[in-house]
Amino acid sequence: MLSKSFNPAEVEPALYAGWEAVGAFGADAAAARPFTIMIPPPNVTGSLHMGHALTMTLQDVLIRWRRMQGRDALWQPGTDHAGIATQMVVERLLARTSNQTRQEIGREAFLERVWQWKASSGGAITEQLRRLGASLDWARERFTMDEGLSDAVREVFVTLHREGLIYRDRRLVNWDPKFQSAISDLEVEAREVRGSLWHVRYPIEGTDEFITVATTRPETMLGDTAVAVHPDDERYRRLVGRHAILPLTGRRIPVVADSYSDPEKGTGAVKITPAHDFNDFAVGQRHGLPMPSVLDREGRVTLADLDLPPTADFVRSLAGQDRVEARKAIVAELERLGLLDRIEPHTHQVPHGDRSGVPIEPLLTTQWYCNAAELARPAIAAVEAGDTAFVPRQWENTFFAWMRDIQPWCISRQLWWGHRIPAWYGPDGHVFVERTEAEAQAAARAHYGRDEPLERDPDVLDTWFSSALWPFSTLGWPQDTPELARYYPGDVLVTGHDIIFFWVARMMMMGLHFRKRVPFRTVYIHGLVRDERGQKMSKSKGNVIDPLDLIDTYGTDALRFTVCALTGPGRDIKLGAAGVEGNRRFVTKLWNAARFCEMNGIVPAPDFDPAAARSPLCRWLLDAANRMVTEADAALEAFRFDDYAAAAYRFTWHSFCDWFLEFAKPVLGTAGPDAAELRATAAHVLGVILRVLHPAMPFVTEHLWDEMGYGAPCSLIRAPWPQPGPVADPGAVREELDWVVRLIGAVRGVRSEMQIAPAVLTPILLRDATPETTGRAARWAESIHRMARASSVEPLDGPLPPGSAQIVVDEATVVLPLAGVIDLGAERARLFKERAKALAEAEKVLRKLGNAEFVAKARPEVVEENRSRLAAFQDDAARIEAAISRIAS
RNA sequence: GGGCGGUUAGCUCAGCGGUAGAGCAUCGUGUUGACAUCGCGAGGGUCACAGGUUCAAUCCCUGUACCGCCCA
């Protein structure tokens with residue numbers, strides 16, 4: 001017996017364990033065609049947030065659906081080592097527990113601590129994915145720092161290096177002073193900052209003139225090596241080619257003409273500091289300028305690159321000062337020297353580290369780079385050719401725009417936690433890139449002719465470097481495994497648009513380079529989760545919703561179904577507790593419907609053949625179920641999770657519960673062949689509902705399936721996905737039942753409008769009804785009585801009983817004798833309104849048909865349709881007119 | 001500055017050449033037999049604005065306004 005209400009908290013863990021116990025999540029290379037989704041590996045430090053809940057639900061829906069279709073479904077689980085994030089977590093822990101820094105305990109000990117942390121706390125996210133019902137093939141779980149995946153990383157690095165696609169270069173990088181590491185362009189985000197524009201006068205050599213430069217960064221002026229003006233700027237033309245004397249250091253720097261300088265901005269003259277600004281770096285390259293660094297890796301002033309005159313005491317005093325302090329000191333000194341023209345308030349975009357949140361310092365360093373432009377070419381071609389398709393399509397433009405202008409990818413990080421770069425340096429700095437230290441030593445021996453001590457590069461790789469290999473490294477590459485042959489390329493990648501550049505693009509590049517085939521055929525891009533008001537969720541705003549709270553309160557199925565219902569193409573998802581609460585009602589509805597079935601002896605009848613169903617009600621329901629399955633299937637094929645959810649919802653609640661079960665009620669509990677067929681049909685269709693809803697609501701459906709005896713415990717997850725099947729003459733039963741539904745609806749409408757108490761039963765009289773209609777009325781008399789609160793249903797030939805309400809349904813006029821119950825004036829007013837509506841519609845169609853051009857040019861079937869609509873409206877109006885005249889007296 | 005998306009019922013959104021829809025909210029009404037986490041019913045929209053194409057535009061095109069996002 002099903003309990004009175006569904007208790008998710010009780011049922012969910014047991015079902016999940018049950019699925020795992022029967023091996024339901026495991027991919028199974030029997031004969032079936034594979035269907036593969038690679039999980040976007042969550043950070044090992046992560047905990048489940050709404051973004052995960054969204055993306056993982058969608059993936060699980062696809063996986064469960066395909067699995068039920070009989071595909072060999074592999075949903076590959078795993079986590080990402082998340083270099084910076086994890087290192088920070090463990091560093092904080094170290095500080096808290098033993099008040100030590102990682103530098104104090106040293107690299108080796110620190111890494112040991114990270115691994116310890118991972119072993120004890122790293123599994124939280126995977127436990128939470130289980131609560132979400134995610135049917136991942138846990139036996140295959142991988143971690144980006146696993147031995148196998150690390151092998152893949154080394155293999156890729158070494159290979160790309162040999163191909164010249166990975167190389168070292170000294171150029172400007174985005175330096176994160178907080179993490180003391182280089183980061184890639186993608187990890188930098190522009191933030192608007194209110195600052196100042198300082199106008200500083202630089203004396204022109206040999207004159208008493210000045211050139212005034214406007215700058216947002218006075219502290220870097222020690223490293224200026226030019227002043228740039230626009231070549232067309234008349235104001236400065238005569239100064240081009242002359243020299244300015246850089247204040248404070250006294251260095252002689254040229255005034256150069258470069259179109260980088262914008263005459264509209266500031267004074268039109270800009271100071272050029274090639275070692276501390278990306279644009280200035282480009283100017284410096286164009287003009288062959290020196291590039292002294294004046295800030296070190298911690299953002300402090302360094303004077304090592306400067307050739308200072310003995311008098312520059314002020315500048316010397318800056319050595320070692322933080323960039324913020326140095327700015328203050330320099331501005332004060334310029335002020336003192338009378339070289340500060342003015343200070344203008346100025347709002348501008350300042351690059352910040354996306355994780356550290358501190359301003360990025362462009363710094364001239366040597367780093368490892370990957371030639372992304374070269375790798376991007378085949379990836380662009382593959383998307384152009386349709387080998388990989390984005391859904392929705394528009395994201396291809398975003399992908400193309402990024403890939404066609406892709407910059408060298410800085411892949412080295414000055415961190416400890418990550419894949420150590422497989423490069424070793426000889427005493428003379430010669431680099432050996434090899435898979436192992438032994439191979440590096442062998443290479444060194446060959447190079448030097450003797451053994452030499454080697455030093456390994458201390459840096460690690462960008463976390464995204466290993467993520468880029470995920471679609472094949474998880475399958476055993478570089479080994480040539482059967483899994484690799486079977487599950488690569490994957491079918492669908494599901495992710496948010498914020499990850500296209502970081503991950504999708506890089507998987508495309510690496511997949512094509514190393515496997516010669518795209519890593520996935522479809523990239524489904526969903527929106528981002530926001531709060532009910534459309535605000536981005538953030539801790540500082542305090543509007544973060546914890547999916548685990550929602551699961552605790554409403555159950556996993558309600559949350560998952562809500563996610564599906566809200567996921568249309570190209571839209572962000574605005575999710576609040578109210579929506580989840582609403583969908584919990586649907587879970588409850590399904591529960592109660594099943595309970596009702598159970599009470600009425602509805603048990604699965606495996607021998608039931610829908611094609612042989614005879615009763616019109618059964619055929620009507622089976623036909624509607626067919627259409628629902630077709631809709632749901634098409635929606636999932638098209639990644640329309642919202643349409644899928646809506647089709648299942650509508651059918652379950654309205655077709656099955658509101659109409660079918662209501663029609664069936666009196667017969668269900670009885671004996672006899674009609675009742676038996678009804679019960680078998682109900683059981684069959686409930687089974688269809690459970691199967692169609694299972695991907696979205698796995699727990700309640702599986703529980704009902706098991707409890708009601710549809711299959712062995714935990715068998716719904718692998719039950720076959722329903723297929724539409726033949727139903728005898730569906731058109732006829734649809735017409736018949738639709739009429740009954742229309743009639744009951746019309747009567748209910750009028751009764752409600754006329755405020756007839758439900759306890760009042762009235763006869764239903766049909767005037768001008770065809771024999772077909774009276775036949776239907778007779779056949780469905782019992783249902784009509786019950787559902788339209790009628791005492792009888794019969795034709796009316798004679799005069800109208802006094803005090804009747806009249807409703808036009810098709811060709812017939814439905815008469816409700818309500819003498820003494822209704823207000824005839826109100827009924828007359830209602831009929832006038834009805835008539836006006838019909839006439840207005842008729843008028844609209846008439847005008848259209850009166851347009852000769854419409855009749856001549858519109859498609860004939862459209863014209864025909866309008867002609868019959870006109871006739872229908874006119875007939876309705878005439879029948880309402882007749883109804884009015886019948887009560888006129 | 002460049003690009004993308006949005007603007008439809010009070011709210012969240014679907015529809016995308018010829019009848020404007022759903023859920024929630026609102027209002028009315030109803031209850032001992034699946035379900036008040038419910039049933040039944042009702043009201044509510046010149047589909048942002050201006051032009052254009054078309055026999056016909058919420059839908060296609062152009063422009064404007066506002067909102068959001070991405071890139072510089």
Side-chain angles (χ1 to χ4, degrees), chain A residues 2 4-6 185-186 188-190 262 264 278-279 349 351 392 394-402 405 496-498 500-501 527-528 530 532-536 554-555 558 562 565-576 578-579 581-600 602 640 642-643 645-647 649-650 653-654 657-658 661-662 665 668-669 744-759 787-789 841 844-845 847-859 861-866 868-869 872-873:
Chain A
L2 295 171
K4 174 121 172 83
S5 60
F6 175 59
D185 297 345
L186 277 177
V188 176
E189 62 183 30
D262 180 355
E264 305 291 316
F278 285 94
N279 289 310
Q349 304 283 324
Q394 84 224 20
W395 291 110
E396 287 176 10
N397 294 328
T398 304
F399 175 84
F400 286 140
W402 170 257
D405 186 36
H497 53 76
D498 51 338
I500 294 177
F501 304 148
L528 307 181
R530 298 168 175 282
E532 301 107 308
R533 299 206 313 279
Q535 302 274 329
K536 213 167 174 170
Y554 304 111
T562 305
L566 292 177
T567 302
R571 264 198 189 268
D572 284 345
I573 284 101
K574 290 180 200 162
L575 190 135
E581 189 177 353
N583 285 122
R584 183 185 53 177
R585 285 206 284 268
F586 180 48
V587 176
T588 306
K589 186 74 179 177
L590 176 65
W591 179 264
N592 283 315
R595 215 157 61 89
F596 176 74
C597 288
E598 189 188 48
M599 285 172 192
N600 283 278
I602 290 167
R640 288 301 304 261
D642 52 345
D643 288 347
Y649 180 99
R650 255 196 323 265
W653 202 307
H654 299 120
C657 294
D658 290 349
L661 288 182
E662 289 303 326
K665 263 178 185 173
L668 274 183
I744 293 171
V747 174
R748 282 170 170 175
V750 168
R751 288 182 59 108
S752 174
E753 207 172 330
M754 293 282 121
Q755 311 253 30
I756 314 295
M787 296 164 73
R789 314 292 299 159
E841 289 299 320
K844 259 178 17 195
V845 184
R847 248 203 320 271
K848 187 176 259 186
L849 286 165
N851 181 348
E853 286 204 277
F854 168 71
V855 179
K857 292 187 182 169
R859 289 200 316 276
E861 60 271 27
V862 172
V863 177
E864 198 36 57
E865 194 189 320
N866 277 279
S868 52
R869 285 189 67 215
F873 286 128

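Quick note on labels: first sequence line is chain A, next is B, and so on, each numbered from 1.
The 5' end of RNA chain B is approached more closely, in terms of each residue's nearest nucleotide, by A:Ile756 than by the other of A:Gly749 and A:Ile756. In this structure, A:Arg595 and A:Ser752 both approach RNA chain B, and ranking their closest nucleotides by distance from the 5' end singles out A:Arg595.
One interatomic measurement links the two molecules: CZ of A:Phe501 to P of B:rC71, which rounds to 6 Å at whole-angstrom precision. Spacing between atom CZ of A:Arg650 and atom C1' of B:rC24 amounts to 16 Å, rounded to whole angstrom units. Regarding A:Glu264, its CD atom lies at a distance of 13 Å from the C1' atom of B:rG1, rounded to whole Å. Following rounding to the nearest Å, A:Trp653 (CH2) and B:rG23 (P) show an atom-to-atom distance of 10 Å. Atom CG in A:Leu186 sits about 13 Å away from atom P in B:rC70, given to the nearest Å. Remark: C1' of B:rA34 and CG of A:Leu590 are 12 Å apart, rounded to the nearest angstrom. Straight-line distance from the CD1 atom of A:Ile573 to the P atom of B:rC69: 16 Å, rounded to whole Å. The NZ atom of A:Lys665 sits 11 Å away from the P atom of B:rG39 (whole-angstrom rounding).
Distance noted for atom C1' between B:rG63 and B:rU53: 15 Å (whole Å). Nucleotides B:rG6 and B:rC59, compared at atom C1', are 15 Å apart to the nearest Å. Rounded to whole Å, the P atom of B:rA20 lies 10 Å from the corresponding atom of B:rU58. For the P atoms, the distance from B:rA9 to B:rU46 is 9 Å, rounded to whole Å. Nucleotides B:rG1 and B:rC13 are separated by 29 Å at their P atoms, to the nearest Å. Only the C1' atoms considered, B:rU8 is 16 Å distant from B:rC67, to the nearest whole Å. For B:rG3 and B:rU62, the P atoms lie 13 Å apart once the distance is rounded to whole Å. The C1' atoms of B:rG39 and B:rU32 are separated by 15 Å, rounded to the nearest whole Å.
Under the Watson-Crick or G-U wobble criterion, with both distances below 3.5 Å, B:rA57 is left unpaired in every strand shown. Across all strands shown, B:rU12 pairs with B:rA22; the Watson-Crick or G-U wobble distances both stay below 3.5 Å. Base pairing of B:rA36: no nucleotide in any strand meets the Watson-Crick or G-U wobble criterion (both distances under 3.5 Å). Nucleotide B:rC69 is matched to B:rG3 when pairs are restricted to Watson-Crick or G-U wobble geometry with both distances under 3.5 angstrom. Base pairing analysis places B:rG41 opposite B:rC27; the two distances defining the Watson-Crick or G-U wobble pair are each below 3.5 Å. If you check B:rA50 for Watson-Crick or wobble pairing at under 3.5 angstrom, you find it paired to B:rU62.
Here B:rA34 is the nucleotide among B:rU19, B:rC55, B:rA34 with the atom lying nearest to any side-chain atom of A:Met599. Checking B:rC35, B:rG41, B:rC55 against every side-chain atom of A:Ala858, the shortest atom distance belongs to B:rC55. Nearest nucleotide to the A:Asp658 side chain, out of B:rC40, B:rU7, B:rU37: B:rC40. Of the listed nucleotides (B:rC55, B:rG6, B:rC40), B:rC55 has the atom at the smallest distance from the side chain of A:Lys857. Nearest to the side chain of A:Glu662, among B:rU19, B:rA34, B:rU37, sits B:rA34. Closest to the side chain of A:Tyr649, from the set B:rG18, B:rG23, B:rG30, is B:rG23. Of the candidates B:rA14, B:rA34, B:rG18, the closest approach to any side-chain atom of A:Phe596 belongs to B:rA34. Listed candidates were B:rC40, B:rC13, B:rU29. Nearest to the side chain of A:Lys574 is B:rC13. Checking B:rA14, B:rC35, B:rG18 against every side-chain atom of A:Arg640, the shortest atom distance belongs to B:rA14. Among B:rA34, B:rC71, B:rG23, the nucleotide with an atom closest to any side-chain atom of A:Lys589 is B:rA34.
Between A:Trp395 and the phosphate of B:rC69, there is no side-chain N or O to OP1/OP2 separation shorter than 4.0 Å. At B:rU19, one or more side-chain N or O atoms of A:Lys848 fall inside 4.0 Å of OP1 or OP2 (strictly under the cut-off). A close approach under 4.0 Å does occur between a side-chain nitrogen or oxygen of A:Lys4 and OP1 or OP2 of B:rC35. Listed pair A:Arg571 / B:rA14 meets the phosphate criterion, a side-chain N or O lying under 4.0 Å from OP1 or OP2.
Contact annotation for A:Asn851: backbone-only contact, meaning every heavy-atom pair under 4.0 Å involves sugar-phosphate atoms and none involves a base. Across all strands shown, A:Glu581 has no heavy atoms under 4.0 Å from either base or sugar-phosphate atoms. No contact: A:Cys597 has no heavy atom under 4.0 Å from any strand.
When all heavy atoms of A:Lys848 and A:Phe854 are compared, the closest pair comes out as O-CD2, 3.3 Å. A:Pro569 approaches A:Asp642 most closely through the heavy-atom pair CD-OD2, 4.4 Å. Of all non-hydrogen atoms in A:Leu661 and A:Leu668, the two that sit nearest each other are CD2-CD1, 4.4 Å. Taking each heavy atom of A:Ala190 and A:Gln349 in turn, the nearest pair found is CB-OE1, 3.4 Å.
Side-chain atoms of A:Arg789 do not come within 3.5 Å of backbone N or O of A:Arg751 as any donor-acceptor pair.
Taking the six-membered ring for Trp and thresholds of 30 and 60 degrees, A:Trp591 and A:Phe6 have ring planes inclined between 30 and 60 degrees apart.
Figure legend: cation-pi geometry between A:Lys589 and A:Tyr649 absent, as NZ or CZ is not positioned both under 6.0 Å from the six-membered ring centre and within 45° of its axis.
Under a 4.0 Å N-O distance rule, the pair A:Arg595/A:Glu598 does not qualify as a salt bridge.
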